[in-house]
Amino acid sequence: MRLDKLGDFQRTHKNGELRLTHVGQTVRLLGWCKKARNLGFLIFIDLRDRWGVVQLVANAETASPELLAKLQEVRSEFVLGVEGVVAEREAKNPGMVTGDIEIRITDLKILNGAQTPPIPVDDSTQEANEDMRLKYRFLDLRREKLQRNLILRSEVANVTRNYFRKNDFIEFETPILTNSSPEGARDYLVPSRVHPGEFFALPQSPQLFKQLLQVSGFERYIQICRCFRDEDLRADRQPEFTQIDVEMSFVRPVDVQTVIEGLMVELTPLIDKHVTAPFPRLAYRDAMEWYGSDKPDLRCTIRIQDVTATFEQSEFNLFRAAAESHGQRRVRGLWFPGEVAGSYSRKQLDELGDVAKHYGAGGLPYAKWGKDGLSSSFKKFLDANAEAALKAALGAEGEGLAVFAVGTDEQTSKVLGELRLRLAKALGLMDLTKFEFLWVVDFPLLEWNEEDARFIACHHPFTSPHPEDLELLDTNPAACRAQAYDLVLNGFEVGGGSIRIHDAETQSSMFRAIGIGPEEARAKFGHLLDALSYGAPPHGGLALGLDRLVMLLAGVDNIREVIAFPKTAQARCLLTNAPSPVTSKQLRELRIQTTQPQQYRAGVMFFESVPAELQAPLSALRTLSMNQATSTSTMVLDGEIVKVETSRIPGPESDD
RNA sequence: GGGGUUGUAGCUCAGUCGGUUAGAGUGCCAGCCUGUCACGCUGGAAGUCGCGGGUUCGAGCCCCGUCAGCCCCGCCA
């Protein structure tokens, strides 16, 4: 196939913008063949570009033989340049933005051909499996759905930059090659060639730098920055992700929150939603008590109820034991009203029980009020009085289903927090079109870590204690609240931040509380402690997860749908095959040895006569030292004397 | 680190109790077709049943191992 040159050919219009008003105009268009429909004497081509799709048409009776020959060659995803005249269609397509018109082709350039795509590029057919989509991401990204998501992402970034600029923020870039931090997630490390044995770490966030910029007096900082965490992935987590990172001087939590609320008010119109500020505030303790989660989905209004007291006199040992535990363990429950809930089948309840077990419960006690009255896994312990008391404690009326969990607050919150959402979704008790923002505030400052037998920072070690709880830091660390706040949207944590510690003394006592000694603190955070001692202003900030935010705005349930080139759940890029082995030369320069087992290839040569030296079978491998590519030895194999030649199998691109 | 699930034609999937030549839709190729837009009609090509081992007279199906995708728990200041 002969390709045409682009030459000076340029488009006069975008494909998606042509309308009846353009009829009669000669236009030049560029794009990809979305679909060619050859009806014999009539040929239609749907031409796609970034802005839309328009139909091209040619008639065999009027078109030149050269043009017809070219049109016969066009296949899906060919790159075309077209000259033609805009005409009103005989048969209009109301399902298409440009459906009133078509382009009568006068000239066609085939700028490039295309192999048959291995995955459908069309949104109308079922999409391919995700490994295929990731391997051929450049084709997958041609689909309207993904183009829409990524264009939305671009819009969100733009609105964000404009918003912060309008509010007098300064945009910074902070280092990608920085120091490993002892707290928090696992770091991605980068070896230093110049300093053998030493490593940079990729930033988990620009936390320290944005604080230092406050010490420098910039007062209002913004960065849309890439962050890296080497932890296992989820549908809403990638090893590298983007934060909208914000820091401000001389602020209270409400000041930071107000700025962020203003941004959300400007972002939601991008998807024709509107939210009003201020957003509700919910204390961490209440969030856990009512919703069993520190990121409650308020699209469901059902709350967890404490029904422990109802079982104080009960014959039901499991529940009564909790009632007698002086608050160590409690019985908590959820009430789902309605006929559908009240007629939940045994099978459905069994499935729910499996879910409860998955989240650490022993089983799922339930009470169901349906057409035939009460049915419950502990019915024999429920006389009429106990039943009435239970209904009152749950706030239950009419038909419906109640499920229970017993145990520590941590255990019951986990189970009921999950069941609340599952059942509400299954029973249609949630308005999924809503956007429910809220702030979860007053997080604990520290939490006890069993593994290390010490307290660790819930948020990060630079978070300021709540002013009312300052003295608790030394006396009762677990009870000390933090000036930390999370922005939650529809059950997702889309951002989190805090007021920071701004004096060296408080920062030192914080390090002390989490078991970082003075030497380690000096070694790891000396620059921060120094900075705090040179007139650091009170400051605080927040970071928003851009990927998650765009995911929710785009209405998709996976972060990969809003990232151009995402990684798999095993943190691998199927497009580039990263990560991959490097040459031994590269490793030598970095003074790095791997403990990965080396692979060897062994060849065997049979002798006709007995050689002088006989060695143990493994000597060939043993003598294969660092700098040798091959080694030979002799051995006895099935009574015969053989020569074994062993060679190390090099990694790809090895220069050894 | 653990659990669940998936892997069969380019793609999406079906494949019964272990039994003849592994099917469908779509895509692709060819021919026909003057108003299609998921074009239509006719015909055709197309398979390492993820990979390796085992059981069996016989394995897409059963067993063991392994690789990869997805989801979840742990983890993610």
message: For nucleotides 5-10 of chain B, give me one character per nucleotide, 5' to 3': B if any protein heavy atom sits under 4.0 Å from the base, S if the only such contacts are to the sugar-phosphate, - if neither.
response: -----S

message: Centroid separation under 6.0 Å, is that true for the rings of A:H539 and A:H502?
response: no

task: Name the nucleic acid region contacted by A:T463, choosing base, sugar-phosphate or nothing; use a 4.0 angstrom heavy-atom cut-off, strictly under.
output: nothing

- prompt: Whole Å only: how far is the CG atom of A:N59 from the P atom of B:rC33?
  reply: 14 Å

query: Do A:D46 and A:R37 meet the salt-bridge criterion of a basic N to acidic O distance under 4.0 Å?
result: yes

- request: For nucleotides B:rU16 and B:rC11, find the distance between their C1' atoms and express it as a whole number of Å.
  value: 26 Å

task: Find the distance A:Q72:CD to B:rC33:P and express it as a whole number of Å.
output: 12 Å

- prompt: Can you tell me if NZ on A:K70 sees more than 12 non-hydrogen neighbours from other groups inside 6.0 Å?
  reply: yes

Below 3.5 Å is the cut-off: list the nitrogen or oxygen pairs between protein and nucleotides 70-76 of chain B, distance only.
| unit_1 | atom_1 | unit_2 | atom_2 | d |
| --- | --- | --- | --- | --- |
| B:rC70 | OP1 | A:A569 | N | 3.2 |
| B:rC70 | OP2 | A:A569 | N | 2.9 |
| B:rC70 | O3' | A:R560 | NH2 | 3.1 |
| B:rC71 | OP1 | A:N558 | ND2 | 2.6 |
| B:rC71 | OP1 | A:R560 | NH2 | 3.0 |
| B:rC72 | OP2 | A:A235 | N | 3.2 |
| B:rC72 | O2' | A:H358 | NE2 | 2.9 |
| B:rC73 | OP2 | A:R234 | NE | 2.8 |
| B:rC73 | OP2 | A:R234 | NH2 | 3.4 |
| B:rG74 | OP1 | A:K414 | NZ | 3.3 |
| B:rG74 | N7 | A:R234 | NH2 | 2.8 |
| B:rG74 | O6 | A:R234 | NH1 | 3.1 |
| B:rG74 | O6 | A:R234 | NH2 | 3.4 |
| B:rG74 | N1 | A:D232 | OD2 | 2.6 |
| B:rG74 | N2 | A:D232 | OD2 | 3.0 |
| B:rC75 | O2' | A:E231 | OE1 | 2.6 |
| B:rC75 | O2 | A:R237 | NH2 | 3.3 |
| B:rC75 | N3 | A:R237 | NH1 | 3.4 |
| B:rC75 | N3 | A:R237 | NH2 | 2.8 |
| B:rC75 | N4 | A:R234 | NH2 | 3.3 |
| B:rC75 | N4 | A:R237 | NH1 | 3.3 |
| B:rC76 | O2 | A:R237 | NE | 3.3 |
| B:rC76 | O2 | A:R237 | NH1 | 2.8 |
| B:rC76 | N3 | A:R237 | NH1 | 2.9 |

- prompt: Reckon A:E90 touches a base, only the sugar-phosphate, or nothing at all at heavy-atom distances under 4.0 Å?
  reply: base

field: Any residue meeting side-chain contact (heavy atoms from CB on, under 4.5 Å) with A:A523, in chain and number order, not counting sequence neighbours
entry: none

A:I101 CD1 to B:rU36 C1', straight-line distance once rounded to whole Å: 15 Å

- prompt: What is the distance, rounded to the nearest whole Å, between atom OH of A:Y136 and atom P of B:rU12?
  reply: 12 Å

query: Can you find a pair of side-chain heavy atoms, one from A:F209 and one from A:P175, that are under 4.5 Å apart?
result: yes

query: Is there a donor-acceptor pair closer than 3.5 Å between any side-chain N or O of A:D230 and the backbone N or O of A:Y188?
result: no

- line: Across all chains, not counting sequence neighbours, the side-chain contact (heavy atoms from CB on, under 4.5 Å) partners of A:K145 are A:D123, A:E127, A:R143, A:R148, A:E561

query: Starting at CD of A:Q126 and ending at P of B:rG27, how long is that distance when rounded to a whole Å?
result: 14 Å

task: State plainly whether the residues A:K414 and A:E410 are in salt-bridge range, i.e. N to O under 4.0 Å.
output: no

statement: Assert: residue with more 5' nearest nucleotide on RNA chain B, out of A:V57 and A:S76, is A:S76

- prompt: Does a side-chain N-to-carboxylate-O contact under 4.0 Å join A:R229 and A:E240?
  reply: no

message: Please report the distance separating the C1' of B:rA14 from the corresponding atom of B:rU66, rounded so that it comes out in whole Å.
response: 27 Å

message: Distance check needed: B:rC29 C1' versus A:Q115 CD, whole Å only.
response: 15 Å

query: Is there a donor-acceptor pair under 3.5 Å between the side chain of A:T463 and the backbone N or O of A:H460?
result: yes

- request: Using whole Å, report how far CG of A:N577 lies from P of B:rA68.
  value: 11 Å

query: Mind checking what makes side-chain contact (heavy atoms from CB on, under 4.5 Å) contact with A:E351, not counting sequence neighbours?
result: A:K347

Would you tabulate the pairs of protein nitrogen or oxygen atoms and nucleotide nitrogen or oxygen atoms of nucleotides 37-40 of chain B closer than 3.5 angstrom?
| unit_1 | atom_1 | unit_2 | atom_2 | d |
| --- | --- | --- | --- | --- |
| B:rC37 | O4' | A:R37 | NE | 3.3 |
| B:rC37 | O2 | A:Q55 | OE1 | 3.4 |
| B:rC37 | O2 | A:R89 | NH1 | 3.1 |
| B:rC37 | O2 | A:N93 | ND2 | 3.1 |
| B:rC37 | N3 | A:R89 | NH1 | 2.7 |
| B:rC37 | N4 | A:A91 | O | 2.8 |
| B:rC39 | OP1 | A:K35 | NZ | 2.9 |
| B:rC39 | N4 | A:N38 | O | 2.8 |

